[in-house]
Amino acid sequence: MAEIFDYIIVGAGTAGCLLANRLSADPNISVLLLEAGGKDNYHWIHIPVGYLYCISNPRTDWCFITDAEPGLAGRSLAYPRGKVLGGCSSINGMIYMRGQARDYDLWRQMGCTGWGWDDVLPYFKKTEDYYLGPDEMHGAGGEWRVEEARVRWEILDAFQKAAEAIGIPRTDDFNRGNNEGSSYFKVNQRRGIRWNASKAFLRPIRHRRNLRIETNAHARRLLIEDLTARGVEFDQLGATRYAHARREVILAAGAIGSPHLLELSGIGNGEALQKAGIPVLLERPGVGENLQDHLQLRCAYKVSGIRTLNERAGRLMGKMAIALEYAISRSGAMSMAPSQLGMFTRSDASYETPNLEYHVQPLTLEKFGEPLHAFPAFTASVCNLRPDSRGSVHAASPDFRKQPAIRPNYLSTETDRQVAADAIRLTRRIVTQEPLKPYRPEEFKPGPDFQTEEELVQAAGLIGTTIFHPVGTCQMGADQESVVDPALKVRGVSRLRIADASVMPTITSGNTNSPTLMIAEKAADLILTDARR
């Protein structure tokens, strides 16, 4: 027996939580929200520094692994994606970032009518609860809380001054259309506690009679008849269940999950489907292609004569002091997002707008999940905001439990390799400026041996890793080759939409969580407008 709902939303991450809220606001509309993970009741979700214990933890993370990456010296990377109510907003860096006005105007120029900066700004403002109150660029009273970080570090202040010494200005707001400059990041927190999409959009409305939230419900395939989405088949704790939709099925499973579910349902590139052993229902070559991500180059420097988190967190008394500070005031190191100081600049003066983003941290470690180094040090992580490289996500098997093959294809273009080399050079230039000299910074990643163009590209491949921003695998566009149209409807299948980061035609110039929320807000508007017709 299959239950029937007006709308079925697959994925209770950032986008799915908002969609469930907006669609179920009408008591005459019934909504089913399916989440493969569990509830967001793990304490480390809510303590900001707890991302260290949520990433690569099967309780909260899909624990994906990429294929070996030729551009990264053949390394495979852990590829975190949230598997819990709130999705990636439950395990991410909490950074509130919209990107640049240029990003959305480019979408509009590519034929995505209604997706320019002036079109999407009202949706950003609608969800926002900005700590300084509303103005022409910010909203207040929405569900998505934005506050100042509750921690500062002298080493980060010195890095900011060093950047200023080479002409990179300070700014007080990255979210007004042009994010050039340096500042401490604004974060999605409420008084030092993580503010995820589940708290913002689900908890206040979880008792609505017309909303059903099912956790541990892993979608197996879409139920499609006559190229019309009729519902979803899903596994819940080992039992196969079915749900039917009167109006629409909406995929909000993210840049990995949404194309994977389409392919499991027979929608995608015929050759890729046949290779995976999946019968072809509808040939859509773009499904799973166009994967874009921000590759971060984690440049690291030892310092002396200044405090960093490495040595403070490495001593028992330091750990006790950190815990006490958080317990008393919800501030300090335990309130930290993974990155505190941000900076947007150009790798080359020819770029119209900043093409680099820095995430500067008062700590160093080999990789997430491993202990901090014992010596004082900081990390200046820098990423190419608009990579040319394109990767893919494709089903590897008809078994829904087997992860898809993820191939980001980092550093596969000459432009991306050039930007990477220039980014390392720029970082070195900043670190040699007067404000940092008293602390005698000593580069140990990638290390001073890498000097020539070829060596710097090699270094980028050795220290590069994902900054967790995959997008684009169900590309929106005006042409018939795009996976979804500007109304987010899947081409070739009626009553099926996608509303998550997978629809981005090109990646935004910054962290991608809040742009995903904007996409969901606009999607809800589009869906409800159609329902009223």
Side-chain angles (χ1 to χ4, degrees), residues 10-11 13-15 36-37 54-58 60-84 87-88 91-92 218-219 251-265 267-269 271-278 284-296 367-369 383-384 387-413 416 461 464-475 483 498 500-504 506-507 512-513 516:
V10 181
T14 300
C54 293
I55 289 175
S56 299
N57 181 346
T60 49
D61 182 3
W62 284 93
C63 300
F64 292 138
I65 303 291
T66 71
D67 285 7
E69 280 288 296
L72 302 186
R75 292 182 294 133
S76 295
L77 301 181
Y79 215 65
R81 296 285 87 199
K83 186 182 182 183
V84 65
C88 289
I91 69 170
N92 70 359
H218 189 170
L251 303 189
I256 307 302
S258 287
H260 190 211
L261 185 56
L262 287 179
E263 290 192 330
L264 290 172
S265 308
I267 303 168
N269 180 287
E271 184 178 343
L273 292 175
Q274 290 170 7
K275 185 177 179 181
I278 300 171
R284 299 301 312 166
V287 171
E289 297 296 321
N290 194 47
L291 174 62
Q292 298 159 61
D293 188 16
H294 290 142
L295 178 72
Q296 63 171 333
K367 62 182 180 180
F368 286 113
C383 66
N384 178 359
D388 289 338
S389 299
R390 298 291 184 267
S392 64
V393 175
H394 289 300
S397 162
D399 185 349
F400 71 102
R401 292 162 295 195
K402 186 171 182 179
Q403 82 146 71
I406 303 170
R407 303 181 181 96
N409 211 21
Y410 297 117
L411 299 176
S412 61
T413 71
D416 286 359
T465 188
T466 178
I467 204 164
F468 322 130
H469 298 163
V471 308
T473 49
C474 295
Q475 181 178 1
V483 178
I498 305 177
D500 56 33
S502 72
V503 307
M504 293 187 189
T506 54
I507 195 166
T512 53
N513 189 244
T516 300

J.: Taking all non-hydrogen atoms of both residues, which atom of Gly254 and which atom of Pro259 are closest, and how far apart?
T.: O-CD, 3.6 Å
J.: Do Tyr410 and Asp293 pair up side chain to side chain, a donor and an acceptor below 3.5 Å, judged on atom types alone?
T.: yes
J.: Any donor-acceptor pair under 3.5 Å linking the side chain of Gln292 with the backbone of Arg390?
T.: no
J.: Report yes if the side chains of Thr466 and Tyr79 come closer than 4.5 Å at any heavy-atom pair, otherwise no.
T.: yes
J.: Please check: side-chain N/O of Arg407 versus main-chain N/O of Ala68, any donor-acceptor pairing under 3.5 Å?
T.: no
J.: Let me see the working for Lys83 and Asp61 under salt bridge (Lys or Arg N to Asp or Glu O under 4.0 Å), right down to the final yes or no.
T.: CA-CA 5 Å; Lys83 186 182 182 183; Asp61 182 3; over 6 Å; no
J.: Working to the nearest 0.5 angstrom, can you tell me the gap between Ile507 CD1 and Cys383 SG?
T.: 8.0 Å
J.: If I compare all heavy atoms of Leu291 with all of Val393, which pair ends up nearest, and what's the gap?
T.: CD2-CG2, 4.0 Å
J.: Do Cys88 and Arg81 make a side-chain contact, defined as non-hydrogen atoms from C-beta onward lying under 4.5 Å apart?
T.: yes
J.: Starting at CG of Asp500, measure out to OG of Ser258 and round the result to the nearest 0.5 Å.
T.: 3.5 Å
J.: Show your working on ring pair (Phe, Tyr, Trp, His ring centres under 6.0 Å) between Trp62 and His260 and close with a plain yes or no.
T.: CA-CA 13 Å; Trp62 284 93; His260 190 211; 8.6 Å; no
J.: Is there side-chain contact between Phe468 and Thr512, with heavy atoms separated by less than 4.5 Å?
T.: no
J.: Which heavy atom of Gly277 sits nearest a heavy atom of Pro398, and at what distance?
T.: O-CG, 3.9 Å
J.: Any side-chain heavy atom of Ser76 sitting closer than 4.5 Å to one from Asp67?
T.: no
J.: Ignoring hydrogens and geometry, is there a side-chain-to-backbone donor-acceptor pair from Thr60 to Cys54 under 3.5 Å?
T.: yes
J.: Test His469 against His294 for side-chain contact (heavy atoms from CB on, under 4.5 Å), laying out the working first.
T.: CA-CA 6 Å; His469 298 163; His294 290 142; 2.9 Å; yes
J.: To the nearest 0.5 Å, what is the distance between CD1 on Ile467 and CG on Asn384?
T.: 12.0 Å
J.: Minimum heavy-atom separation for Ala501 to Pro470, with atom names?
T.: CB-O, 4.0 Å
J.: Counting C-beta onward and ignoring hydrogens, is there a side-chain heavy-atom pair between Val10 and Leu261 closer than 4.5 Å?
T.: yes
J.: Are any of the side-chain heavy atoms of Met504 and Thr516 separated by less than 4.5 Å?
T.: yes
J.: Can you see which heavy atom on Ala276 is nearest to which on Ala395, and at what distance?
T.: CB-O, 3.3 Å
J.: If we ignore hydrogens and angles and just use 3.5 Å, is the side chain of Asp416 paired with the main-chain N or O of Asp388 as donor and acceptor?
T.: yes
J.: Applying the side chain to side chain contact (heavy atoms under 4.5 Å, CB included) criterion to Val483, which one of Val503, Asn290, Val287 satisfies it?
T.: Val287
J.: Distance from Glu263 atom CD to Asn269 atom CG, nearest 0.5 Å?
T.: 8.0 Å
J.: With rounding to the nearest 0.5 Å, note down the distance linking CG in Leu295 to OG in Ser389.
T.: 8.5 Å
J.: Measuring from atom CG of Leu77 to atom OG1 of Thr66, what distance do you get when rounded to the nearest 0.5 angstrom?
T.: 4.5 Å
J.: Is the shortest side-chain heavy-atom distance between Arg284 and Leu262 below 4.5 Å?
T.: no
J.: Of all heavy-atom pairs between Arg75 and Gly464, which one has the smallest distance, and what is that distance?
T.: NH2-O, 2.6 Å
J.: Does any non-hydrogen side-chain atom of Ile256 lie less than 4.5 Å from one of Ile406?
T.: yes
